[in-house]
Number of protein chains: 2
Amino acid sequence: MRKRARQTTRKTELINAAIQTIARSGTLDVTVADIARQAGMSPALAHHYFGSKDQMFLSTMREILRRYGLIVREAVSAADGPRARLLAVLDASLGPEHFDADTVGAWLTFYALAQQNEEAARLLRVYHRRLRSNLLVDLRPLLGVRAVEVAETLGALIDGVYLRQALSDSAPAMLLKLPRDYLLGILGSKEA
Amino acid sequence: MRKRARQTTRKTELINAAIQTIARSGTLDVTVADIARQAGMSPALAHHYFGSKDQMFLSTMREILRRYGLIVREAVSAADGPRARLLAVLDASLGPEHFDADTVGAWLTFYALAQQNEEAARLLRVYHRRLRSNLLVDLRPLLGVRAVEVAETLGALIDGVYLRQALSDSAPAMLLKLPRDYLLGILGSKEA
DNA sequence: TTTTATTGATTGACCAGTCAATCAACGCGG
DNA sequence: CCGCGTTGATTGACTGGTCAATCAATAAAA
């Protein structure tokens, strides 16, 4: 048991180091040595735990996805009613936990990775579907058939906001409220 | 003069080869040798013309941006009235010329590059500003102060659609009509 | 002839992954 | 409580391969 715990902490340390290192350099070209150094251990140890660079990246991606799912689930369960839950999903998706420079950098880089690596693409599709279904659950009772289109639009909008945030051209605050305002606009006009 | 012409064609050949090669492999990890081979010449010649790999990539990016600007300007000048011009900008931005697998692949990859390379980030910001201003020109007379928010939303939405297209999860047709429907929804409700 | 185009060969750097060797903790029989 | 063997943690050194960039040499053009 002690053994397993140690292994887990080491892996987690490497994953955190990977997120930081990837975001800081903005590429997947980061070397295993870079990540290991960031985590304060030798490159050989990283291989010992993950087997290959690709496996390390995929684990990192899974971890980011896991954290995202956790936060969303928490936020949704704390909200009451469809409208509040929808806003909770948006807030959680664009919350500071995912929107810090590190995570955004890593996130963007994974999109690039997804073009090469089928497993990476699969993980990204999982995220898309999860977001979509989270939105649809509460959009359907409010909008009926139009829910699908609105859900797709919100999904694309969130991703676009991420993308632009990574370049930090516009003011961040402005970008963050875009999906929320879109949703409120839709809900408001439907209420009438 | 002859000299310049030859140099230009060689450079263009390399740029086209770069677009194809990047898109096909889905990464910036393509080697100069790969690109040169695709263009039917030796790697050494590619260095002769561009000096470095980075310069070659940046030239490629500028070329893609130039083509985009060209198409948009053409489409806009052919349209009549603010509403038609807005739709023209959207259609041109998501048109098949930029939406084929090759260009989308290269585009996405450049977003990743922009995190490392300041010049790449600058070029992407140029594109953002150009799109924004293209939209604002015709949105302002229709929407007044709200034009800014709508322009930002459309920009983010387009980028998001690109991103999702690159993963081709949803049906392409569905994705493509999202920005258009959003704009029509805004304009429709304002007309009232 | 002078300049430009073009290439094959080479170099120097870098990096993922391997391996053999230490090191530290733990368990266990005496 | 003490050697001692087992097992996982950890590392430094090394390898095989790749790639950007350079260079010297040749062909073609001006």
Side-chain angles (χ1 to χ4, degrees), chain A residues 1-22 24-61 106 109-110 112-113 116-117 119-120, chain B residues 1-61 106 109-110 112-113 116-120:
Chain A
M1 278 305 111
R2 195 55 7 111
K3 158 177 65 171
R4 178 50 52 105
R6 181 143 196 85
Q7 179 164 149
T8 305
T9 59
R10 273 320 205 187
K11 279 192 164 187
T12 305
E13 282 169 29
L14 277 169
I15 285 174
N16 285 333
I19 293 175
Q20 281 183 273
T21 310
I22 289 173
R24 215 155 281 173
S25 86
T27 353
L28 282 176
D29 281 351
V30 291
T31 69
V32 172
D34 283 343
I35 295 173
R37 195 176 320 117
Q38 174 79 28
M41 60 188 98
S42 83
L45 194 54
H47 276 100
H48 175 65
Y49 280 120
F50 285 103
S52 77
K53 195 185 183 181
D54 269 7
Q55 283 308 312
M56 201 170 92
F57 279 154
L58 290 175
S59 290
T60 303
M61 216 171 144
T109 314
F110 286 134
L113 175 65
Q116 312 173 247
N117 187 312
E119 175 69 3
Chain B
M1 272 305 114
R2 195 60 2 116
K3 158 178 68 173
R4 179 52 52 104
R6 183 146 196 81
Q7 179 165 142
T8 304
T9 58
R10 273 319 205 185
K11 280 192 164 188
T12 306
E13 283 168 28
L14 278 167
I15 285 174
N16 285 332
I19 294 175
Q20 281 181 276
T21 311
I22 289 173
R24 216 154 281 173
S25 85
T27 171
L28 281 177
D29 282 349
V30 291
T31 71
V32 172
D34 284 343
I35 295 172
R37 194 177 319 116
Q38 174 79 26
M41 59 188 100
S42 81
L45 195 55
H47 275 99
H48 174 65
Y49 281 120
F50 284 104
S52 77
K53 193 186 185 182
D54 268 7
Q55 284 307 313
M56 202 170 93
F57 279 153
L58 290 176
S59 291
T60 302
M61 215 172 146
T109 315
F110 285 134
L113 176 66
Q116 313 173 251
N117 188 312
E118 179 47 38
E119 175 68 4

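Within every chain, numbering begins at 1; the chains are lettered A, B, ... in the order of the sequence lines, protein sequences first and strands thereafter.
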Return the CD1 to CG distance between I35(A) and N16(A), rounded to the nearest 0.5 Å. 11.5 Å
For A33(A), the side-chain contact (heavy atoms from CB on, under 4.5 Å) test, sequence neighbours excluded, returns T31(A), R37(A), P43(A)
Can you name the atoms? Protein N/O to nucleotides 26-28 of chain D N/O, anything below 3.5 Å, with the distance.
none

Provide, to the nearest angstrom, the distance between the CG atom belonging to D54(B) and the P atom belonging to dC19(D). 16 Å
Between NE2 of H47(B) and C1' of dA20(D) the distance, given in whole Å, is 5 Å
When you measure from the side-chain N and O atoms of R10(A) to the phosphate of dT10(D), is any distance below 4.0 Å, counting only OP1 and OP2? yes
A17(B) versus Q38(B), closest heavy-atom pair with distance: CB-CG, 3.7 Å
Would one find a side-chain N or O of H48(A) under 4.0 angstrom from OP1 or OP2 of dT10(D)? no
OP1 or OP2 of dT10(D) under 4.0 Å from side-chain N/O of Y49(A): yes
How far apart are the closest heavy atoms of V32(A) and H47(A), and which atoms are they? CG1-CE1, 3.8 Å
For A120(B), what residues pass the side-chain contact (heavy atoms from CB on, under 4.5 Å) criterion, not counting sequence neighbours? L58(B), M61(B), L113(B), A114(B), N117(B)
side-chain contact (heavy atoms from CB on, under 4.5 Å) against T60(B), all qualifying residues, sequence neighbours excluded: I15(B), A18(B), I19(B), F110(B)
Quickly work out the K11(A) NZ to dT10(D) C1' distance and round it to whole Å. 16 Å
Distance from L14(A) atom CG to Y49(A) atom OH, nearest 0.5 Å? 8.5 Å
With five pairs defining each end axis, the helix from dT1(C)-dA30(D) to dG30(C)-dC1(D) comes out bent, to 10°, by 10°
Note, R10(B) side chain near H48(B) side chain (heavy atom, < 4.5 Å): no
List in numerical order all residues of residues 33-44 of chain A for which some heavy atom is under 4.0 Å away from an atom belonging to DNA chain D. M41(A), S42(A), A44(A)
Proximal nucleotide (of dT10(D), dT6(C), dA20(D)) relative to the L45(B) side chain: dT6(C)
In whole angstrom, what separates F50(A)'s CZ from dG17(C)'s P? 13 Å
Value in whole Å for how far the C1' atom of dA21(D) lies from CD of Q55(B): 14 Å
Nearest 0.5 Å, please: how far is CE in M56(B) from NZ in K11(B)? 11.5 Å
